[in-house]
Trainee: 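Let me give you the structure first, and then I'll get to my questions.
Everything quoted here is computed from the prediction, not taken from an experiment.
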Amino acid sequence: MPSNTLQYRFDGPEEAPVLILGPSLGTTWHMWDRQIPELAKQWRVFRFDLPGHGGAPAHPVGSVAELADRLLATLDEVGVQRFGYAGCSLGGAIGAELALRHPQRVASLALIAASPRFGTADEFRQRGVIVRSNGLDPIARTSPERWFTSGFAAAQPAITDWAVQMVRTTDPGCYIAACEALAAFDIRAELGAIGVPTLVLVGSEDQVTGPAQARTLVAGIPDARLAVVPGASHLAPVEQPAAVTDLLVRHFSSAWIPAYETGQHAIVAAPAKPVLAPPPPPVAPVAEIAAAAQPEAAVRPDPHDVGLKVRRAVLGDAHVDQALATSDDFSGDFQEFITRYTWGEIWNRPGLDRRMRSSVALTALVVGGHLDELAAHTRAALRSGLTADEIKEVLLQTAVYCGVPAASSAFKVAQQVIREETTPQE
């Protein structure tokens, strides 16, 4: 399977309109099994697996936009141009991305357990650190608590075990990349541009993306309706399959924009009568050859804006928010300086990746004895992809070239940060 496509399957009659079902992070297309018998009566149901999920090839994807592009490449390959789309959680983010960037392809949309922004970037990058340090087992063991109500998990041990195994067998690198995709996803300012009929569906007991986030979607999307499923948590299609199926059938049966309908009608002009024009006057020779029009110079992004994004991605929102909140007239210029030049110019250069830049930063901070900054950059190094063992090797190298006392102090600081960041929260 090419790296730019996704693993998929079809159910339902070939001549029926296509309805796509998008999965949540850590799940497979089997999360929709209970919906298929009913949905496949009216639609050609297309399900797909995220990269590294359900045995799919492990080609990591670090943004929701790229996931949407891979889905479109897959659909192009099988000849599907226009479709309805229902997605759960990360699958919902993909659907919103499609409706925003490729509205001509989406006939109708359902967003389940979705949000215009999923938690905070720090939370998902922290989850990536946990997986990189401990594997997926800690995430798998706690998945039922996030996905189901306690009563359902206790009454359905087979489904609970299935959920744990589904996460446990996911490729860790693809799971971490998907966390990065969710960390960067934020369409709060763009909801008004979603122009297709949208059902926003949420479980009443969802503690991950609950009714508050659902209401934000409904308030922002012009043609959106809210449906709250009682007694359901995050994976509502699994916990309350009949209710979810009924809502999807009703939505996609009634809210489906026909292809190419714009609401506008062209006015055909009356045929023009031919007019015989006089012959043009002779053209005088041109004395000079005009210079070719020069293309407009590309507008360079403001280094401050770029730097703020990079600074947040590396150090985390909480760290940056605190630094900016405590700045005043005296220190504000310094915050502007480091945002613009440290993060917008140097950290954003293409010559080194962030793992290498983090390694260099750790070494330099050990040399200078800047232990407060070392703690922040140890945390940043973990979120940039360095493992605890790799950070240890960097600090051992500093012991040789920067001195044992400096490295000893650095080890104490880094050890505490690594314990805090890599210990799973039970």
Side-chain angles (χ1 to χ4, degrees), residues 20-27 31-32 35 64-65 68 84-101 103 106-124 145-152 179 181-257 317 321:
I20 297 175
L21 302 179
S24 175
L25 173 62
T27 72
M31 69 162 284
W32 296 104
Q35 280 70 46
V64 172
Y85 186 98
C88 183
S89 196
L90 175 53
I94 295 171
E97 183 75 18
L98 290 169
L100 285 169
R101 318 296 172 214
V106 183
S108 190
L109 180 65
L111 304 177
I112 302 168
S115 177
R117 185 188 188 193
F118 291 79
T120 68
D122 287 354
E123 291 170 6
F124 282 102
E145 300 171 15
R146 294 190 299 274
W147 287 354
F148 308 127
T149 61
S150 57
F152 179 86
C179 287
L182 286 171
F185 182 76
D186 187 351
I187 58 168
R188 288 174 294 179
E190 301 177 80
L191 291 178
I194 295 179
V196 298
T198 303
L199 172 67
V200 178
L201 191 156
V202 64
S204 63
E205 309 306 313
D206 190 344
Q207 301 300 311
V208 180
T209 49
Q213 288 87 344
R215 291 188 181 95
T216 300
L217 288 170
V218 172
I221 299 172
D223 187 6
R225 295 182 301 116
L226 176 65
V228 179
V229 180
S233 187
H234 195 58
L235 284 195
V238 176
E239 189 163 4
Q240 295 289 346
V244 171
T245 301
D246 180 62
L247 288 165
L248 292 179
V249 169
R250 282 195 281 165
H251 173 68
F252 288 109
S253 296
S254 60
W256 191 286
I257 299 178
D317 287 333
D321 287 343

Trainee: For Ser108, check side chain to side chain donor-acceptor pair (under 3.5 Å) against everything at least two apart and list the hits.
Mentor: His251
Trainee: Excluding sequence neighbours, so at least two apart, what forms side-chain contact (heavy atoms from CB on, under 4.5 Å) with Ala181?
Mentor: Val64
Trainee: Which residues pass the side-chain contact (heavy atoms from CB on, under 4.5 Å) test with Val196, sequence neighbours left out?
Mentor: Ala99, Val106, Leu109, Ile194, Thr198, Ile257
Trainee: Measuring from atom CG of Leu90 to atom CZ of Phe185, what distance do you get when rounded to the nearest 0.5 angstrom?
Mentor: 9.0 Å
Trainee: Minimum heavy-atom separation for Thr245 to Pro241, with atom names?
Mentor: OG1-O, 2.7 Å
Trainee: Please enumerate all residues that pass side chain to side chain donor-acceptor pair (under 3.5 Å) together with Thr149, with sequence neighbours excluded.
Mentor: Glu239
Trainee: Please walk me through it: do Ile20 and Leu98 pass side-chain contact (heavy atoms from CB on, under 4.5 Å)?
Mentor: CA-CA 12 Å; Ile20 297 175; Leu98 290 169; 5.9 Å; no
Trainee: Please enumerate all residues that pass side-chain contact (heavy atoms from CB on, under 4.5 Å) together with Ser24, with sequence neighbours excluded.
Mentor: Thr27, Met31, Cys88, Ser89, His234, Leu235
Trainee: With sequence neighbours excluded, what pairs up with Ala243 under the side-chain contact (heavy atoms from CB on, under 4.5 Å) test?
Mentor: Val229, Gln240
Trainee: Could you list the residues that satisfy salt bridge (Lys or Arg N to Asp or Glu O under 4.0 Å) with Arg146, not counting sequence neighbours?
Mentor: none
Trainee: Calculate, to the nearest 0.5 Å, the distance between atoms CD and SG belonging to Glu123 and Cys179 respectively.
Mentor: 11.0 Å
Trainee: Counting only pairs under 3.5 Å, give me each side-chain donor-acceptor contact of residues 210-217, with atom names and distances, residues two or more places apart or in other chains.
Mentor:
residue: Gln213; atom: OE1; partner: Gly210; partner atom: N; Å: 3.0
residue: Thr216; atom: OG1; partner: Ala212; partner atom: O; Å: 3.1

Trainee: If every non-hydrogen atom of Gly26 is compared with every non-hydrogen atom of Trp147, which pair is closest and at what distance?
Mentor: O-CH2, 3.8 Å
Trainee: What's the verdict on side-chain contact (heavy atoms from CB on, under 4.5 Å) for Ile94 and Tyr85, showing C-alpha distance, side-chain angles and the deciding distance?
Mentor: CA-CA 9 Å; Ile94 295 171; Tyr85 186 98; 3.6 Å; yes
Trainee: Which pair of non-hydrogen atoms, one from Ala96 and one from Ile187, has the smallest distance, and what is that distance?
Mentor: CB-CD1, 3.7 Å
Trainee: State which residues pass side chain to side chain donor-acceptor pair (under 3.5 Å) with Thr120; sequence neighbours excluded, sorted by chain then number.
Mentor: none
Trainee: With sequence neighbours left out, what residues match Phe124 under ring-ring contact (aromatic ring centres under 6.0 Å, His included)?
Mentor: none
Trainee: Please evaluate residues Phe148 and Val238 with respect to the criterion side-chain contact (heavy atoms from CB on, under 4.5 Å), reporting the C-alpha separation (whole Å), side-chain torsions for both, the decisive distance (0.1 Å), and the verdict.
Mentor: CA-CA 9 Å; Phe148 308 127; Val238 176; 3.9 Å; yes
Trainee: Roughly how far, to the nearest 0.5 Å, is CG of Leu201 from CZ of Arg225?
Mentor: 10.0 Å
Trainee: Using every non-hydrogen atom in the two residues, find where Thr209 and Asp206 come nearest and quote the distance to one decimal.
Mentor: O-OD2, 2.9 Å
Trainee: Shortest non-hydrogen contact from Val200 to Ala224?
Mentor: CG2-CB, 4.5 Å
Trainee: Checking Asp317 now: which residues fulfil side chain to side chain donor-acceptor pair (under 3.5 Å) with it, not counting sequence neighbours?
Mentor: Arg117, Arg312
Trainee: Identify the heavy atoms of Ala113 and Phe118 that sit nearest to each other, and give their distance.
Mentor: O-CE2, 4.0 Å
Trainee: Suppose we screen for salt bridge (Lys or Arg N to Asp or Glu O under 4.0 Å). Which residues come up paired with Glu190, at least two apart in sequence or across chains?
Mentor: Arg101
